[in-house]
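Computed from heavy atoms alone, side chains included, the values below leave out hydrogens, waters and symmetry copies. Just so it is clear, the model here is predicted, and its values are computed rather than measured.
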Amino acid sequence: PKLVPVDLSDMGEFISAVRNRFVFVTCISRCQLKFRQGRCRIEMTGGNWGRATDPDSDLTSIAYTLQDLVIKQQRMEVRMNRSQ
């Protein structure tokens, strides 16, 4: 097995800046993996950075959870329609 170095510096900066637990928990779903010269870099997208200073509240968490569920459901419907 080959080891691939992973650069987590951008993610580390994001972790120190994020103020909302839901945004933190779901940040990996909005990141990008960049491969170059045998290395991998995890980059936080604008979707993450734009939410980093959102205040932590139950209403915010519920809204983001609902939004993510809708997106996942839409993706599942597209996959099911393709397989028919």
Side-chain angles (χ1 to χ4, degrees):
K2 181 180 176 182
L3 291 177
V4 177
V6 179
D7 179 349
L8 299 171
S9 60
D10 195 41
M11 187 175 199
E13 289 178 35
F14 177 77
I15 289 170
S16 68
V18 71
R19 299 289 173 248
N20 183 300
R21 65 185 157 180
F22 178 78
V23 173
F24 170 72
V25 169
T26 60
C27 72
I28 201 71
S29 68
R30 291 180 301 277
C31 74
Q32 292 182 344
L33 299 176
K34 303 284 183 160
F35 293 93
R36 186 174 182 192
Q37 298 175 344
R39 301 179 67 90
C40 177
R41 177 176 167 81
I42 297 180
E43 292 184 1
M44 297 293 108
T45 62
N48 280 322
W49 286 109
R51 295 177 173 181
T53 58
D54 285 0
D56 193 15
S57 72
D58 290 337
L59 186 56
T60 302
S61 293
I62 290 169
Y64 283 136
T65 300
L66 184 58
Q67 182 181 15
D68 280 351
L69 285 172
V70 168
I71 291 168
K72 287 177 184 176
Q73 180 179 353
Q74 290 171 341
R75 288 178 184 161
M76 183 63 75
E77 289 173 358
V78 167
R79 287 183 191 145
M80 289 176 66
N81 289 335
R82 287 182 186 161
S83 65
Q84 291 179 352

- Query: Counting distance only, does the side-chain N/O of Asn48 pair as donor-acceptor with the main-chain N or O of Met44 below 3.5 Å?
  - Reply: no
- Query: Looking at Pro5 and Gly38, what are the two nearest heavy atoms and their distance?
  - Reply: CD-O, 3.4 Å
- In one Ile/Leu/Val/Met/Phe/Trp/Tyr side-chain cluster, 4.5 Å: Leu33, Val6: yes
- Message: Looking at Arg19, is its backbone amide N or carbonyl O close enough to the side chain of Asp56 to form a donor-acceptor pair, meaning the two atoms are under 3.5 Å apart?
- Response: no
- What distance separates Ile42 CD1 from Gln32 CD, expressed to the nearest 0.5 Å? 11.5 Å
- Message: Taking side chain to side chain contact (heavy atoms under 4.5 Å, CB included) as the definition, give me every residue that meets it alongside Val25, ordered by chain and number, with sequence neighbours left out.
- Response: none
- Message: The criterion is salt bridge (Lys or Arg N to Asp or Glu O under 4.0 Å); which residues satisfy it with Asp7, sequence neighbours excluded?
- Response: Arg41
- Message: I need the Cys27 SG to Trp49 CH2 distance, nearest 0.5 Å.
- Response: 10.0 Å
- Query: Within the distance-only criterion (no hydrogens, no angle test), does the side chain of Thr45 pair as donor or acceptor with the backbone N or O of Cys31 below 3.5 angstrom?
  - Reply: no
- In this structure, CD of Gln67 is separated from CZ of Phe22 (nearest 0.5 Å) by 8.0 Å
- Message: Side-chain heavy atoms nearer than 4.5 Å, only ILVMFWY residues, links allowed to pass through others: does that put Met80 and Val70 together?
- Response: no
- Query: Do Ile71 and Ile62 sit in the same hydrophobic cluster, where Ile, Leu, Val, Met, Phe, Trp and Tyr count as joined when their side-chain heavy atoms come under 4.5 Å apart?
  - Reply: no
- Item | Of Gln73, Arg75, Arg79, the residue whose pairing with Glu77 passes side chain to side chain donor-acceptor pair (under 3.5 Å) | Gln73
- How many angstroms lie between atom CD of Glu43 and atom CZ of Phe14, to the nearest 0.5 angstrom? 14.0 Å
